[in-house]
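Heads up, the thing below is written out as structure tokens.
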Amino acid sequence: VQLQASGGGLVQAGGSLRLSCAASGFTSRSYATGWFRQAPGKEREGVSCIGSSGRSTAYADSVKGRFTITRDSAKNTVYLQMNNLKPEDTAVYYCAADERERYSGRYWCDNGMYYGGKGTQVTVSS
């Protein structure tokens, strides 16, 4: 399994970015996927996740109303649209995935996923 994230960069506060993560190597299209981030000196946190059915999504409280996760199953790609970015969103963002069957997106954001990709840096200037 390979996960390739892209779309990070430098943006001013209030701006937007869209992260993409292309997945390959899965035996089925039924897998959980999501985004995690880690800022310097902080623990990794689940930003947004989609459960294995693709219907249950979850968001960290800090990003609700600003970030939107979507998945294009035909392209095996998951996106994270990030609007109204804040300096505290600055972090390395990682996409992740897991083939175990768990419906709840919240479960995955709270517990992490088996497969992880290289991160992409998001920097928000004030």
Side-chain angles (χ1 to χ4, degrees):
V1 171
Q2 289 189 329
L3 301 168
Q4 183 65 50
S6 61
L10 173 64
V11 64
Q12 288 188 331
S16 299
L17 284 173
R18 189 175 82 153
L19 305 183
S20 300
C21 177
S24 61
F26 286 104
T27 57
S28 77
R29 291 182 177 177
S30 178
Y31 56 88
T33 187
W35 293 92
F36 296 76
R37 68 185 180 186
Q38 188 163 21
K42 294 187 176 181
E43 292 187 355
R44 186 173 296 193
E45 69 167 335
V47 177
S48 184
C49 301
I50 297 178
S52 54
S53 71
R55 289 190 288 271
S56 172
T57 59
Y59 295 90
D61 288 343
S62 59
V63 307
K64 283 181 181 176
R66 300 187 296 122
F67 290 12
T68 303
I69 189 170
T70 55
R71 183 165 78 183
D72 186 333
S73 296
K75 295 182 179 180
N76 275 343
T77 300
V78 61
Y79 304 96
L80 185 68
Q81 178 66 43
M82 305 185 295
N83 297 328
N84 190 22
L85 283 159
K86 303 177 180 181
E88 51 264 42
D89 294 318
T90 295
V92 178
Y93 284 70
Y94 301 88
C95 66
D98 199 301
E99 293 182 286
R100 291 172 290 179
E101 297 252 353
R102 282 277 184 170
Y103 176 85
S104 168
R106 170 54 54 200
Y107 170 87
W108 293 111
C109 268
D110 288 346
N111 291 280
M113 299 181 185
Y114 184 78
Y115 297 106
K118 290 185 178 180
T120 184
Q121 176 71 45
V122 171
T123 303
V124 185
S125 63
S126 57

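In this text, all values refer to a predicted model and were calculated from it rather than measured experimentally. Only this structure's heavy atoms are used, side chains among them; waters, hydrogens and symmetry mates stay out.
- Scanning for side-chain hydrogen bond (donor to acceptor under 3.5 Å, both in side chains) contacts around E101 gives an empty result, with sequence neighbours left out.
- A60 and G46 make their closest contact through CB-O, 3.5 Å (heavy atoms, listed as atom of the first residue, atom of the second, distance).
- Side chain of D98 to backbone of Y114: a donor-acceptor contact under 3.5 angstrom is found.
- Other members of the hydrophobic cluster containing M113, listed by chain and number, are F36, Y107, W108; membership follows side-chain contacts under 4.5 Å among ILVMFWY residues, whether direct or relayed.
- L17 and I69 fall within a single hydrophobic cluster, where Ile, Leu, Val, Met, Phe, Trp and Tyr are joined by side-chain heavy atoms under 4.5 Å apart, directly or via other members.
- Residue pairs meeting the ring pair (Phe, Tyr, Trp, His ring centres under 6.0 Å) criterion with at least one partner in residues 37-82, sequence neighbours excluded, do not occur; the list is empty.
- The stretch residues 38-58 participates, sequence neighbours left out, in these side-chain hydrogen bond (donor to acceptor under 3.5 Å, both in side chains) pairs: R37-E45.
- Pairs passing the side-chain hydrogen bond (donor to acceptor under 3.5 Å, both in side chains) check and including a residue from residues 66-75, sequence neighbours excluded, read R66-D89.
- Each salt bridge (charged side-chain N to carboxylate O under 4.0 Å, His left out) pair with one or both residues in residues 104-113, not counting sequence neighbours, appears once here: R106-D110.
- Atom CZ of R100 sits about 8.0 Å away from atom CZ of R102, to the nearest 0.5 Å.
- Hydrophobic cluster membership differs between L85 and V92, with clusters built from Ile, Leu, Val, Met, Phe, Trp and Tyr side chains linked at under 4.5 angstrom.
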Can you give me every donor-acceptor pair (side chain of residues 115-124, partner residue at least two apart or in another chain, under 3.5 Å) with its distance?
unit_1: T120; atom_1: OG1; unit_2: G8; atom_2: N; d: 3.2
unit_1: Q121; atom_1: NE2; unit_2: A91; atom_2: O; d: 3.4
unit_1: Q121; atom_1: NE2; unit_2: T123; atom_2: OG1; d: 3.3

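- Within the structure, the disulfide (SG to SG under 2.5 Å) test picks out the following pairs touching residues 96-126 (sequence neighbours left out): C49-C109.
- Sorted by first then second residue, the side-chain hydrogen bond (donor to acceptor under 3.5 Å, both in side chains) pairs that include residues 4-22, not counting sequence neighbours, are S16-N83.
- For L19 against W35, the heavy-atom pair with the smallest separation is CB-CH2, 3.6 Å.
- Residue pairs meeting the disulfide (SG to SG under 2.5 Å) criterion with at least one partner in residues 65-107, sequence neighbours excluded, are C21-C95.
- L3 and V78 fall into different hydrophobic clusters, defined by Ile, Leu, Val, Met, Phe, Trp and Tyr side-chain heavy atoms under 4.5 Å apart, directly or through other members.
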